[in-house]
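Labels below follow one simple rule: chain letters A, B, ... track the order of the sequence lines, proteins then strands, and each chain is numbered from 1. Because only heavy atoms are used, hydrogens play no part in the values below, and waters and symmetry mates are left out as well, while side chains stay in.
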Protein chains: 6
Amino acid sequence: MSDEQQRRQSLEQTLTKARVLIEALPYIRAYKGKKVVIKYGGSAMTDDSLRNSFAEDVSLLSLVGIKVAVVHGGGPQITRAMGQAGVEPQWVDGLRVTDAETMRVVQITLAGEINPDIVRLLGGHGASALGVTGIDGNLFIARAKHPRLGFVGEIAEVNAQIVSDLMDDGLVPVVAPVARGEDGAVYNLNADTAAGALAAALGTEKLVYLTDVEGLYRDLGDEDSLISQIGAAALRKLVDSGSISAGMLPKLRSCMAALEGGVQQAHILDGRVQHALLLEIFTPEGIGTMINTA
Amino acid sequence: MSDEQQRRQSLEQTLTKARVLIEALPYIRAYKGKKVVIKYGGSAMTDDSLRNSFAEDVSLLSLVGIKVAVVHGGGPQITRAMGQAGVEPQWVDGLRVTDAETMRVVQITLAGEINPDIVRLLGGHGASALGVTGIDGNLFIARAKHPRLGFVGEIAEVNAQIVSDLMDDGLVPVVAPVARGEDGAVYNLNADTAAGALAAALGTEKLVYLTDVEGLYRDLGDEDSLISQIGAAALRKLVDSGSISAGMLPKLRSCMAALEGGVQQAHILDGRVQHALLLEIFTPEGIGTMINTA
Amino acid sequence: MSDEQQRRQSLEQTLTKARVLIEALPYIRAYKGKKVVIKYGGSAMTDDSLRNSFAEDVSLLSLVGIKVAVVHGGGPQITRAMGQAGVEPQWVDGLRVTDAETMRVVQITLAGEINPDIVRLLGGHGASALGVTGIDGNLFIARAKHPRLGFVGEIAEVNAQIVSDLMDDGLVPVVAPVARGEDGAVYNLNADTAAGALAAALGTEKLVYLTDVEGLYRDLGDEDSLISQIGAAALRKLVDSGSISAGMLPKLRSCMAALEGGVQQAHILDGRVQHALLLEIFTPEGIGTMINTA
Amino acid sequence: MSDEQQRRQSLEQTLTKARVLIEALPYIRAYKGKKVVIKYGGSAMTDDSLRNSFAEDVSLLSLVGIKVAVVHGGGPQITRAMGQAGVEPQWVDGLRVTDAETMRVVQITLAGEINPDIVRLLGGHGASALGVTGIDGNLFIARAKHPRLGFVGEIAEVNAQIVSDLMDDGLVPVVAPVARGEDGAVYNLNADTAAGALAAALGTEKLVYLTDVEGLYRDLGDEDSLISQIGAAALRKLVDSGSISAGMLPKLRSCMAALEGGVQQAHILDGRVQHALLLEIFTPEGIGTMINTA
Amino acid sequence: MSDEQQRRQSLEQTLTKARVLIEALPYIRAYKGKKVVIKYGGSAMTDDSLRNSFAEDVSLLSLVGIKVAVVHGGGPQITRAMGQAGVEPQWVDGLRVTDAETMRVVQITLAGEINPDIVRLLGGHGASALGVTGIDGNLFIARAKHPRLGFVGEIAEVNAQIVSDLMDDGLVPVVAPVARGEDGAVYNLNADTAAGALAAALGTEKLVYLTDVEGLYRDLGDEDSLISQIGAAALRKLVDSGSISAGMLPKLRSCMAALEGGVQQAHILDGRVQHALLLEIFTPEGIGTMINTA
Amino acid sequence: MSDEQQRRQSLEQTLTKARVLIEALPYIRAYKGKKVVIKYGGSAMTDDSLRNSFAEDVSLLSLVGIKVAVVHGGGPQITRAMGQAGVEPQWVDGLRVTDAETMRVVQITLAGEINPDIVRLLGGHGASALGVTGIDGNLFIARAKHPRLGFVGEIAEVNAQIVSDLMDDGLVPVVAPVARGEDGAVYNLNADTAAGALAAALGTEKLVYLTDVEGLYRDLGDEDSLISQIGAAALRKLVDSGSISAGMLPKLRSCMAALEGGVQQAHILDGRVQHALLLEIFTPEGIGTMINTA
């Protein structure tokens, strides 16, 4: 290749970059100043490359003026931590129980290990992140879901002002799903539910679930039946039909509740795809399943 | 006792209350809007009655307009957690080493167990507390104290803006002494040193250490030699004389550094006394040892 | 008593102080930022010890963030001043008349003697007080109550913005009950009525009358019939029943009007009790009679 | 005169009005947002027509954005009030003494009679005036001028923030020259001196004395020697020469002190001329004597 | 004339000035902070003396706190510019057409010649003026009035925020009546209509037309039938009666639309009278025809 | 290509987009909130495709929080307009003269044609642009460069507050290089010089010249001698060496003056390259010549 050819090729590549940036223009304009709650979990939280991709996405969203809050879970790490601590899972009538010792491990793993690690990850990519637990400023108040399940909490109250203030200050709040119960004890919350409740309390534009599936399927097991977009009413019918996988149900129920609570759009994204967040928000293609109020 | 006598006695008791409130007037006036950093540790953190007394004091200080930040340590709990996790303390040339596994236990205990517990305790007494770690918003940046000590950090940088903003918003930041190192790893900080560095960076009015001693003694072992007040210069001489106990040295060094950094007064208080904080700040008696710039 | 005993006793006394302060915590929290109008008069205004107690109370309330305005009367001083000035009280058909010369004495006594004295008293105890008359910024506009009574005014208009602004700036407005009439002349206002009208215009939390009685009695003359708490409706019945003393009627009518105008609670306090204000607002006992909307 | 002639004449008169307004343009522009302290006294305070002219001037100045504070004296009214009260002037070694009873009459006349009257006068012409005494917010702190003179005060301290805040809020503070002494008693201040001290503390653009003379004469008794403009240095020489009348000295001394304290210009105006203030500030002619730093 | 007589006469003239200023007081008070839109055109724009008079008026109004926006036309200059450019007026079915070349001349004359000249004129008299076109910040969005008329626009949308912000910042926006069409092309707007639409969008107090007539006549041709004041309903009848001149109709229609849109008063002023604006707003006489909502 | 292959390829392309956006992250972070002045001219102003590319770039820069002001020239359009207007260029001693008629054409072309066209162009791509001339708010004050050159101005004074305020409000000011002279007449300014003076007055981060050359060459005529980066000192030497083309000199002199005045970096960009602005600011490659203070 001649020098001139090289120069031309280099210029062409550079121009492609410019076109991509320009293509993002209408999306940046549309979401600037809007609020987005992201449920962070699955491979996007455990795979190193995907972790970095996630952190870059959140940093870019935050930098161009989109207000992001992250709610994380911690399933695998908690299971591992319980093993290390020699805590045996307890069962009552076939249901797993969160006793005091289990709750202690859950708390220290969520608030002490996973949460600071995410804050550190985001901080390392330039986002100003700040870890909060549902206990901080009484963000979530919990009550026992069922007397026999121990410290498994359901959300009794959301005080989102503190998270809203942090977002308005340009910070990215990273929320661990534990909460003070009305009885003063600490309870564990389902992270999917917490993300939905936070989005509803904040009245965000978007609620995004980073999952380990491509999206929502009309027919479980048929990959070609991936739903690109669905309205809340249609989704309810689908959920009622019983064809949804058990793992997806809490997310979908939270989505429907959040949409009722004023959230504009909910997304089930494939967190195994690099930059899934960025692609969904900043490109015309979109990925995964989008649920709206229509 | 006649009805009239009872009435009189009741009125007399009520009047005593009023007089105590009035006696606090000049102290409230003097400290309103001022900043105070409290190093929280020892019995005040482990004894239930003292914990409640501490939470009441912080709530009252916060309510009358004094801006309080709390820095906590976690010695006993970390030792217990390490035992539970089966992590053996490591020694190199007689110095204890914080290897990766130890650091993990330190982090989850400080950030995941102790910090949320303090936030919950304060929240239960009406203060709006919010837990932060030294990692949040790069509050502290650390570097290794000595290559052979592993993840024992010394403070390379303090970015106190985030804590200052929270205090200005009427919140009580509760700080766990871990920090992101310049190398990206997590480091453990000495809580006494972190409290002093934070106070200096904030330019606080007061830096208070809640300890398990009555105060500073001129002659170690002579209870009658308790020092009520001492200037920074005289303190330096005392420290240089070698008569100070090893456990007190990091506190005193942090006090002297903080006073040089603009803090007005440092206090060594006896955290085993109920309401030690309140008595020091709101009554003419004062307790413990006060160190000033004089 | 041994040294040790003395030390213990001293510590015990100090702890009692702390407990009193802590006991005030929920009351401070409840009233912080709220507005209170106090009608100041009677012995609390003439007895030196009670004057100081009043000034301490107002200073403490103001310092912990409660917004206080004071409305004062001036009966005894005005009578004395008229004697000194040789002004004879005028009567028409059995009613006392405020002619021009009387009005001059009233004005100079209220605005020139009593008002600055209260400002000076409060200033001497650390409150930032500022004297205003009803003429300032057209706070009150008056009209003649009855053509034959001369310059006895009733309130035609309240412009409370100026008082509200001063309170928001942390100042304690001290209000003299004189006003510019719609005809440009100066009128004398009933201080009880002025306090109630100001409280209603400000929408305060509390309206407090400092009086020379223990409170409101169900049966005039029966000391055991002191009413601790009464609803507005029940009070109206009691007033209609005719069993209320003449001196109490303007206060009670102002209370009822103020409650209708949005004030939350009205209080008839015994101003002869030291720190009556503080005890009412900051302790669980409460004193005097509380009237609420129930 | 024909209809056409009448129309022309009417139009001509109207145009004259417009030209006068336009002529004021550069003066309004120059003083907009600037602060002016006016010492109000003499005929301008006692003559009804001049009183209204003064109130109109202050209202117009205030309305076009000039920040005005008024300091008033009260000589004649005090003398009359003392007569009415039967208080005999006291003399010690040829000096008049302000004993407690005299001080009481001074205070009630200044703060209770004159001050509210001026506030009412200004309010009646549309200015938002607010009466303050030197006691309010500790505006002036006084000390005894001489032990034998009783409550004759000299200014020990000026806290002008409260006046400055009121001016910034668009209000016209009207200041009565009494002050709390360092000993807690009330003292009488010389109004000329108080005006100068206030102007200096505020750093005003102008300090204006409304007097009963045409201005400052180079030769006492020679009407043709009226000084139109004089520098501070030349004025000092003139004062030192002894040719200044006794009544003018406190004003001139206050002017010189104020100029040293940062005031730009001081004026001795003839308050017997209608609209003297307006003419001085808004027209090119100027009237009276102007003293500047040159 | 003796010296004394001269002095008296001079003083009398000076006093007349003061009285004129005082006479303006209630008008300044009434309009301070209010918004006024002025349609500038006719002789007031072409005659040098009247131009200066207009600039002085706008400067004074702006200086005393009235918020002024100016909308200008450009008939004569555009005709001249078209002649210079050799552009022939086009006619279709008896209507003048604005083709592309004509529109180019219109735009450069309005935005490039007349607008900067007015900004310069006002700036030279001390007003902070800033030129804007209807294109700036999409102030006006236009659509074609009729397909055959070319780039003659009617107003489809008004975005007055930008003008409102500039007025609030103390600037005088000077608006050229061109606009971006919904099709992206530039359109010419009728200046009278644009002024009315801007006034309605701003909700101004006054809308003023500077014209070359004395005002509105009840009977065209009868100079004695000049209407001093008329209500919107009566005006509508008059317009419907057909007795209004063609040139006045767009102004009157805009006035009625503006009054319906919230404007308080509309004025038809004789721009050939010096200081017409000032006289209308600042003197009791008023000039021209005032139309109000009554 | 199989479905799976197509899906993979599509995903790969989408990922490339994400990587480009992520690559821009550090540049957005570095320039967020910073100010940039762009001299707009040459092909970027005349070629339709380049015009759109320029408008997209400015919109994106503005949207991600960079504060942009545009200064434009108008050489070709002015020459054309003079031809259309039949104005003959005037020469005196070999220098072109801007007489009154020429100045009129310059003004209407710059302020009336080019400026609104750029505002409309940017508005059509979503940027909130607002046209200003150097006359608005006395942005530039000019004086004659040489008596014989007529209305060729040099800059005597810059008042950049108005432009700074507009930038802070999120608007993009578009500046036409004409100015009011100290003598009241309108002068034409060199656009390169005006851009540099504005950048210096604003203290911008960057000053960018969009030109029709690739950048600055060390050896005129040797394309391989393109300078990628040069310090101000080295540039001065190069300019002094005389090897710089005449057309480049005003730009380079303005660059050096701007760097001395506090601007961080100046750029000579090739405006013939699509998205030159974006590529320079948002990609690591950079293009053209960068001049810094080093």
Inset, instruction - Kindly check if the number of other-residue, nucleotide or ligand heavy atoms within 6.0 Å of NZ (F/Lys145) is above 12? - result: no

Legend entry - Gap separating the CZ atom of E/Arg120 from the CG atom of F/Asn138, nearest 0.5 angstrom: 11.5 Å

Legend entry - Donor-acceptor contact present, side-chain E/Glu113 to main-chain F/Ile108, <3.5 Å: no

Legend entry - Pairs of heavy atoms under 4.5 Å with chain F: top-ranked of E/Gly184, E/Ala127, E/Ser128: E/Gly184

Inset, instruction - Please tell me if the side chains of F/Arg180 and E/Val119 come closer than 4.5 Å, counting only heavy atoms from C-beta onward. - result: no

Legend entry - Region of F/Val178 that comes under 4.5 Å of a non-hydrogen atom in chain E: neither

Inset, instruction - Considering only heavy atoms and a distance below 4.5 Å, find which of F/Gly123, F/Ala176, F/Pro116 pairs most often with chain E. - result: F/Pro116

Inset, instruction - Name the region of F/Leu171, side chain, backbone, both or neither, that has any atom closer than 4.5 Å to a heavy atom of chain E. - result: side chain

Legend entry - Test applied, side-chain contact (heavy atoms from CB on, under 4.5 Å); reference residue, E/Ile162; option that passes from F/Asp169, F/Leu166, F/Leu130: F/Leu130

